[in-house]
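Computed from a prediction, not measured in an experiment: that's the story for all the values here. The basis for the numbers below is simple: all heavy atoms, side chains too, and nothing from hydrogens, waters or symmetry mates. For ligands, and for the atoms within them, numbers begin at 1 and follow the listed sequence.
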Amino acid sequence: MTAAREQPLELTAISHNEGVDAAVSAARRVIASLLHAGDGSAAEMKEVADRLNAVADHLDEHAPAMDQRMVDMWSGEGITRHDPVTGPENTIAPPLHLTGKDDGSVEGVVALGLPYQGPPGHVHGGISALLLDHTLGVANHWAGQSGMTAELTLRYHRPTPLFEQLTVTGEQIAVDGRKIRTRGAITARGEVCVSADGLFIAKHLPRPR
Ligand SMILES: CCCCCCCC/C=C\CCCCCCCC(=O)SCCNC(=O)CCNC(=O)[C@H](O)C(C)(C)COP(=O)(O)OP(=O)(O)OC[C@H]1O[C@@H](n2cnc3c(N)ncnc32)[C@H](O)[C@@H]1OP(=O)(O)O
């Protein structure tokens, strides 16, 4: 499928310790800290809310127009910085860090905390679906033929643990005309927790200009 490469290639934008990336890391910490604190916290939540709203007001005051920002988001070639799985500019991205491997597959590791909880102590099934949908999409890009998700079939083999290193993989299996078949999995401690089979159709929406 893909010619052998000498070393893994970054498929995720590298997070910087400055600028918006640093602010986003801080915001991720706030999200986790709020959930950890909960309703019974002794912290003065009215004051916390006022301070957070002041930060949001400041950001909104200095933000570009939405249509301009959309153009900016899609102006580069290659790796995105805004997506909800790997994006260093997106607070809801865990983030997962993906690299392309010699064998044509992609792989990343991530540990998920409280904001991603479903069953007690374990990852929400919809979050696993999000991670796999994106990882399969990136695997298609890495293999050279990408598209939009038409079907995503998930099998949840065992609960996926929070707070532990998870390995997320994706690999393009076949291309038949516009139909692209892709497979992937989330494993913990070497055991498959979730496996995914995707059908993607070669279609690309126009980039904002
Ligand atoms: C990009 C720039 C930045 C680069 C970054 C590089 C690094 C990162 C790389 C990459 C990262 C991206 C990772 C993203 C990952 C996330 C992906 C998503 O979340 S995508 C959003 C969710 N999906 C939708 O919203 C689709 C909505 N549905 C549609 O738009 C259409 O229904 C679509 C495209 C799926 C098909 O529509 P039609 O009109 O184009 O094609 P028709 O003619 O209907 O179908 C073509 C063939 O496919 C079959 N087909 C279509 N849908 C099917 C289905 N659901 N099941 C089975 N077959 C289906 C049909 O039967 C037909 O087959 P016959 O040619 O006749 O044999």
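Comparing Lys179, His134, His204, Arg207 against atom 12 (C) of ligand 1, the shortest heavy-atom distance belongs to His134. Counting only non-hydrogen atoms, the option in Thr149, Thr135, Leu152 that gets closest to atom 26 (C) of ligand 1 is Thr149.
Considering backbone and side-chain N/O of His141, none are found under 3.5 Å from N/O of ligand 1.
At a heavy-atom distance under 4.0 Å, only side-chain atoms of Ile201, from C-beta outward, approach ligand 1.
Put simply, Val24 and Met73 are part of two different groups of oily side chains (I, L, V, M, F, W, Y) that touch within less than 4.5 Å, one to the next.
Annotation: the span from Met148 atom CE to Arg178 atom CZ amounts to 11.0 Å, rounded to 0.5 Å. To the nearest 0.5 angstrom, Gln145 atom CD is 7.0 Å from Gln172 atom CD. Distance check, rounded to the nearest 0.5 Å: CG of Asp102 to CG of Leu9 gives 10.5 Å. Atom NE2 of His36 is separated from atom CZ of Arg29 by 12.0 Å, given to the nearest 0.5 angstrom. With rounding to the nearest 0.5 angstrom, the OG1 atom of Thr169 is 7.5 Å from the CG atom of Leu132.
Below 4.0 Å from some heavy atom of Thr80 lie the following atoms of ligand 1, by number and element: 3 (C), 5 (C).
Nearest protein heavy-atom contact of atom 41 (O) of ligand 1 is Arg178 NH1, 3.2 Å. Looking at atom 11 (C) of ligand 1, its nearest protein heavy atom turns out to be Val138 CG2, 3.8 Å. Atom 58 (N) of ligand 1 has Leu199 CD2, 3.5 Å as its closest protein atom, hydrogens excluded (heavy atom only). The protein heavy atom nearest to atom 19 (O) of ligand 1 is Asp133 OD2, 3.2 Å. Scanning all protein heavy atoms for the shortest distance to atom 25 (O) of ligand 1 gives Met148 CE, 3.6 Å. Nearest to atom 30 (O) of ligand 1 among the protein's heavy atoms is Lys203 NZ, 3.5 Å. For atom 52 (N) of ligand 1, the nearest protein heavy atom (residue, atom name, distance) is Ala150 CB, 3.8 Å. When only non-hydrogen protein atoms are considered, atom 6 (C) of ligand 1 lies nearest to Gly78 O, 2.9 Å.
In summary, the side chains of Ser146 and His204 do present a donor paired with an acceptor at a separation below 3.5 Å, with no hydrogens or angles considered.
Within a 6.0 Å radius of CZ in Arg69, more than 12 heavy atoms belonging to other residues, nucleotides or ligands are found.
Atom 32 (O) of ligand 1 lies below 4.0 Å from none of the non-hydrogen atoms of the protein. In this structure, atom 60 (C) of ligand 1 has its sub-4.0 angstrom surroundings free of protein heavy atoms. Distances from atom 66 (O) of ligand 1 to the protein include no heavy-atom value under 4.0 Å. By the definition of a contact as any protein heavy atom under 4.0 Å away, atom 44 (O) of ligand 1 is not in contact. For atom 38 (P) of ligand 1, the nearest protein heavy atom lies under 4.0 Å away.
Put simply, part of Trp74 is less than 4.0 Å from ligand 1, judged by heavy atoms.
Considering all non-hydrogen atoms of both residues, Leu152 and Ala129 come closest at CD2-O, 3.9 Å. Nearest heavy-atom pair across Leu98 and Gly108 is CD2-N, 3.6 Å.
A donor-acceptor distance shorter than 3.5 angstrom exists from the side chain of His124 to the backbone of Gly126, with no hydrogens or angles considered. The backbone N or O of Lys101 sits nowhere less than 3.5 Å from a side-chain atom of Ser105 that would complete a donor-acceptor pair.
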